[in-house]
Peer 1: 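Here it is, the structure in full.
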2 protein chains.
Amino acid sequence: MAKNTYLELPGKTIERLSQYRRILYNSIHEGKTNIYSHELAKMMNLTPVQVRRDLMLIGYSGSQSKGYVIKDLVALIGKIIDSEKGQDIILVGMGNLGRAITSYFSGKRDKLSIVSAFDNDLQKTGRIVAGIPCHHISQIKEFVKKENIQIAVLTVSPEATHDVAKMLLDAGIRGILNYTSVPLTVPEGIHLEEYDIVTSLEKLAYLVK
Amino acid sequence: MAKNTYLELPGKTIERLSQYRRILYNSIHEGKTNIYSHELAKMMNLTPVQVRRDLMLIGYSGSQSKGYVIKDLVALIGKIIDSEKGQDIILVGMGNLGRAITSYFSGKRDKLSIVSAFDNDLQKTGRIVAGIPCHHISQIKEFVKKENIQIAVLTVSPEATHDVAKMLLDAGIRGILNYTSVPLTVPEGIHLEEYDIVTSLEKLAYLVK
DNA sequence: TGAGTGTTGATATTCAATTCACAATATAAG
DNA sequence: CTTATATTGTGAATTGAATATCAACACTCA
Ligand SMILES: NC(=O)c1ccc[n+]([C@@H]2O[C@H](COP(=O)([O-])OP(=O)(O)OC[C@H]3O[C@@H](n4cnc5c(N)ncnc54)[C@H](O)[C@@H]3O)[C@@H](O)[C@H]2O)c1
Ligand SMILES: NC(=O)c1ccc[n+]([C@@H]2O[C@H](COP(=O)([O-])OP(=O)(O)OC[C@H]3O[C@@H](n4cnc5c(N)ncnc54)[C@H](O)[C@@H]3O)[C@@H](O)[C@H]2O)c1
């Protein structure tokens, strides 16, 4: 029985664990029960050694003849990255990107769901948009506290980014996934992930030339 | 006068250069002409040393008293990551995500633009969607060859991913930015970037717990 | 049985990225 | 002029990530 100690895993490993699980779900769906490191590696463009190393880090052991038991591995990855009772997420800024994200994400994961959105456009608030309830931004603090929300996805207009981020921090949010083109800085102890397609495209443009 | 030799820069540095430039554009807009490494670092959550190191790698020198000249720095970054005559990009899969991306990206960069989209839904093809012309997927090969397109953004449904990727490679695409939830593998020499919000959210969920 | 094959798990090594530490330099203040 | 302060640029050290290597084991087949 694994103790519930906090494993200090490399960030890259966490990302790969999430992806392993996604692929393993598909494999289960196709009727596979076991998988070898080289199979998993191939599907993810990695080396088998790297796969084994990641699994070693989380303390999972396979068998030399049958490889890894998919069901068990998925369960263990869940134990590592999911929180016990699930985590609810909110999204702020129900525009084009916000809608694309919520409709994509809905129902993707058991323990992780976008439960509510917030906007300041009265056209969008007070009703269901893209499958989830959209409230007015003025209600955000109360909601976050009451529902104990820890993670927010930020997809508001660039101008609103700083204000909204401040509200989120005030309300007690612990992790922000920022998609606006405005870089944020957050206090110690708050986790921030940012992503921008422009950066990816410029990198690609550099690489292909 | 910098020779046009191909600098072998670390991938991480390329990404940061793209972000530096974004921030520097804003600074210019606010009337700033010079900037210190620690200012830039603060805006990007980096250390000043890292900023200086990156700029050193591209061969830019500042002054001890005035820091870096923003205009010149932006120009040099452009020289490194932009291609001389600009690069045109296509997007495949004009759904929710595709529309969010095209409307966001349009006009963002001089040398980089999404010029056309492709889809197999006859509702969407043959007209302008989200600001750009959307053609039928069957025309993609011809278009890519004729217009010498090198980079494609992939936002089709998961089921279509492999087929469409194959078409793109056949047509001679050299870089793919894959947003579908289906991991791709590409031949040697082709550049691939993938991003999935689920991975980011699961990483955040792990970090905040 | 016993050689041959293919796999895992772990240690060692290499490679890449970041940070440290400080010399060199410019400016301002006394 | 001299000292104090702030900055850049960079070699060296450190940290982090990926890869190579190989012993140990399990299975197959002759
Ligand atoms: N990271 C990426 O790759 C990427 C891609 C596309 C868009 N973006 C960025 O994401 C953001 C959203 O893009 P979009 O295309 O959905 O834009 P959009 O204009 O369609 O959506 C913005 C939404 O934010 C809401 N909003 C504005 N101010 C608000 C406030 N103070 N409080 C609450 N809600 C507020 C608006 O009502 C709107 O619904 C923009 O900042 C854009 O730059 C990033
Ligand atoms: N990476 C992420 O963070 C992220 C976020 C949202 C969605 N997604 C993924 O992006 C993709 C698009 O999401 P969406 O919400 O826009 O879905 P969507 O269904 O709205 O859009 C898919 C589009 O692809 C088109 N398409 C389907 N098959 C095609 C084919 N063979 N050739 C050309 N076009 C074809 C459809 O007509 C549709 O317009 C999905 O694969 C989804 O899983 C990823």
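Letters A, B, ... are given to chains in the order of the sequence lines, protein chains preceding strands, and every chain is numbered from 1. Since this is a predicted model, take the numbers as computed values, not measurements. What you see below is based on every heavy atom in this structure, not just the backbone, and it leaves out hydrogens, waters and symmetry mates.
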Peer 1: Between the main-chain N or O of Met94(B) and the side-chain N or O of Thr155(B), is there a donor-acceptor pair closer than 3.5 Å?
Peer 2: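 No; judged by distance alone, with no hydrogens or angles, the pair does not exist.
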
Peer 1: Picking from Leu97(B), Asp196(B), Asn96(B), what satisfies side chain to side chain contact (heavy atoms under 4.5 Å, CB included) with Tyr104(A)?
Peer 2: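 Testing each of Leu97(B), Asp196(B), Asn96(B) against Tyr104(A), the sole residue satisfying side chain to side chain contact (heavy atoms under 4.5 Å, CB included) is Asp196(B).
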
Peer 1: With a 4.0 Å limit, can you tell me whether Arg52(A) has a side-chain N or O closer than that to the phosphate oxygens OP1/OP2 of dT8(C)?
Peer 2: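 So the side-chain polar atoms of Arg52(A) do come within 4.0 Å of the phosphate oxygens OP1 or OP2 of dT8(C), strictly under.
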
Peer 1: Look at all strands and tell whether Ser61(B) reaches a base, only sugar-phosphate, or nothing, counting heavy atoms closer than 4.0 Å.
Peer 2: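 It contacts sugar-phosphate atoms only.
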
Peer 1: Applying the side chain to side chain contact (heavy atoms under 4.5 Å, CB included) test to Ile77(B), which of Leu17(B), Asp72(B), Ile14(B) qualifies?
Peer 2: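 Result: among Leu17(B), Asp72(B), Ile14(B), Leu17(B) is the only option passing the side chain to side chain contact (heavy atoms under 4.5 Å, CB included) with Ile77(B).
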
Peer 1: Take atom CD1 of Ile58(A) and atom P of dA10(C), then tell me their distance rounded to the nearest Å.
Peer 2: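 Atom CD1 in Ile58(A) sits about 13 Å away from atom P in dA10(C).
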
Peer 1: For Ser65(A) and for Gly67(B), locate the closest nucleotide of DNA chain D by heavy-atom distance; then report the residue assigned to the nucleotide nearer the 5' terminus.
Peer 2: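 First, find each residue's nearest nucleotide; the 5'-ward one identifies Gly67(B).
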
Peer 1: Between Tyr60(B) and Asp54(B), do the side chains contain an N or O donor and an N or O acceptor separated by less than 3.5 Å?
Peer 2: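 Not at all, the side chains of Tyr60(B) and Asp54(B) share no donor-acceptor pair under 3.5 Å.
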
Peer 1: Donor-acceptor pair under 3.5 Å: do we get one between Arg53(B)'s side chain and the base of dT18(C)?
Peer 2: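 Not at all, since no donor on one side and acceptor on the other fall under 3.5 Å apart.
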
Peer 1: So for atom CD, which belongs to Glu142(B), do other residues, nucleotides or ligands contribute more than 12 heavy atoms lying within a distance under 6.0 Å?
Peer 2: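 Atom CD in Glu142(B) is not packed in, count stays at 12 or less.
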
Peer 1: What is the distance, rounded to the nearest whole Å, between atom CG of Asp54(B) and atom C1' of dT18(C)?
Peer 2: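 Distance, rounded to whole Å: 10 Å.
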
Peer 1: Please report, rounded to the nearest Å, how far the C1' atom of dA10(C) is from the CG atom of Leu57(A).
Peer 2: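 So the two atoms are 11 Å apart, to the nearest Å.
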
Peer 1: Restricting to ring-ring contact (aromatic ring centres under 6.0 Å, His included), what partner residues turn up for His38(A), sequence neighbours left out?
Peer 2: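 Checked His38(A) against ring-ring contact (aromatic ring centres under 6.0 Å, His included); matches are Tyr36(A).
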
Peer 1: Tell me yes or no: between the side chains of Asn45(A) and Thr185(B), is some donor less than 3.5 Å from an acceptor?
Peer 2: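 Checked: Asn45(A)/Thr185(B) side chains show no N/O donor-acceptor pair below 3.5 Å.
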
Peer 1: Could you tell me whether Lys209(B) and Glu84(A) make a salt bridge, using a distance below 4.0 angstrom between a side-chain N and a carboxylate O?
Peer 2: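 Here Lys209(B) does not pair with Glu84(A) in a salt bridge, since their nearest N and O are not under 4.0 Å apart.
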
Peer 1: What range of DNA chain D does chain B touch, first nucleotide to last, counting atoms under 4.0 Å from its heavy atoms?
Peer 2: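 Span of nucleotides near chain B: dT7(D) to dA12(D).
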
Peer 1: Separation of Tyr60(A) atom OH from dA10(C) atom P, in whole Å?
Peer 2: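 Roughly 14 Å, once rounded to whole Å.
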
Peer 1: Specify the residues of residues 34-50 of chain A, ordered by number, for which at least one heavy atom lies under 4.0 angstrom from an atom of DNA chain D.
Peer 2: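 Within this stretch, Thr47(A), Val49(A), Gln50(A) sit under 4.0 Å of the strand.
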
Peer 1: Would you call Arg21(B) and Asp82(B) a salt bridge, taking side-chain N to carboxylate O under 4.0 Å as the test?
Peer 2: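 Counted as a salt bridge, because a side-chain N and a carboxylate O are separated by less than 4.0 Å.
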
Peer 1: Here's a test of your reading of the structure: between Gln64(A) and Met56(A), which maps to the more 5' nucleotide of DNA chain C?
Peer 2: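 Result of the comparison: Gln64(A).
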
